[in-house]
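Here the structure is a predicted model, which means the values were calculated and not measured. Note that ligands are numbered from 1 as they come in the structure, with each ligand's atoms numbered from 1 the same way.
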Amino acid sequence: MRIIRARDYDHMSRQAANIISAQVILKPDSVLGLATGSSPIGVYKQLIEWYKKGDLDFSAVRTVNLDEYVGFGESDAQSYIRFMREQFFDHINIDMRCTNIPNGLNPNAEQECSRYDSVIHALGGIDLQLLGLGPNGHIGFNEPADAFTKGTHRVELSDATIQANKRFFESADAVPRSAYTMGICDIMQAKRTVMVVSGSAKAKIVRDAFFGPVTPRVPASILQLHSDFTLVADEAALEYVK
Ligand code: F6R
């Protein structure tokens, strides 16, 4: 595990964007695993800026997103497909046919999850997976559990996640109760994993996840065992990591 200590959110975003742009420059047809949420917005902003300056080309890049709310599609403002278009895809020269997100509108969970795992497999796996850290230690929507999950699956969101994500909705009641998410095995098979974490609210979970035992009760802790994991976090998030 490598830790990049950033001064603040903007610095964290630039450091992570540097890693991703190097990946895309060295391998223009990279398969990028992408995340939504507040943490990676600054990374996408920076990558868009470099693209607009002519320093980056996404025309051959393929992407797979971590997760999507069940019952949500592009017409829903809070869907992750909409987030990705608004925060990233609509501003770069990516071929939308080469982007992949679980289809939240497919009510058949078994079919959707095996379809998504086949997509990842057909792409030859993920070159670099970008991650955020949930307040309860989740990655993707892999919530604390008795065992680590394997492939894409449907998950019931924990109360902690519903509370954390209600800021994007009118109220906690409006937050979907379930999601499709890549499994821990899908994430761990990525060649490189990069996590962005910012703010003092995440400081304790950063300590538990990366300096405590590896346990499915803190799903991100499994990343301690990944052969190429970089944690890019700001000073506030690293408060307990000296
Ligand atoms: C999003 C995702 C989640 C978030 C996590 C942190 O695709 O998979 O694991 O990364 O909930 O969210 P933020 O960044 O909003 O604190």
Taking the side chain as every heavy atom from C-beta outward, state whether D234 and R7 have any pair of such atoms under 4.5 Å apart. no
Taking atom 7 (O) of ligand 1 as the point of reference, which of L66, I139, D67 owns the nearest heavy atom? D67
Are N65 and N100 linked by a side-chain donor-acceptor pair shorter than 3.5 Å? no
Starting from atom 3 (C) of ligand 1, find the nearest protein heavy-atom neighbour and note its residue, name and distance. G140 O, 3.5 Å
Could you check whether N165 and Y69, counting side-chain N and O atoms only, form a donor-acceptor pair closer than 3.5 Å? yes
Which of the numbered atoms in ligand 1 are below 4.0 angstrom from a heavy atom of G132? 10 (O)
What protein heavy atom is closest to atom 14 (O) of ligand 1, reported as residue, atom name and distance in Å? S39 OG, 2.5 Å
With Y116 as partner, the option from N103, V64, N106, D67 fulfilling side chain to side chain contact (heavy atoms under 4.5 Å, CB included) is V64
Specify the protein heavy atom at minimum distance from atom 1 (C) of ligand 1: its residue, its atom name, and the distance to 0.1 Å. T36 OG1, 3.1 Å
Below 4.0 angstrom, N of the basic side chain to O of the carboxylate: do D95 and R62 qualify? no
Is the shortest side-chain N to carboxylate O distance from R85 to E74 below 4.0 Å? yes
Could you identify the single nearest non-hydrogen protein atom to atom 6 (C) of ligand 1 and state the distance to 0.1 Å? L133 O, 3.4 Å
Looking only at protein heavy atoms, which one is nearest to atom 16 (O) of ligand 1, and what is the separation? K202 NZ, 2.8 Å
Could you check whether E143 and S158, counting side-chain N and O atoms only, form a donor-acceptor pair closer than 3.5 Å? yes
for atom 11 (O) of ligand 1, nearest protein heavy atom and its distance come out as H138 NE2, 2.7 Å
For ligand 1, is any non-hydrogen atom under 4.0 Å from R167's backbone (N, CA, C, O), its side chain (CB onward), both, or neither? side chain
Ligand 1 contact by M182, heavy-atom criterion under 4.0 angstrom: no
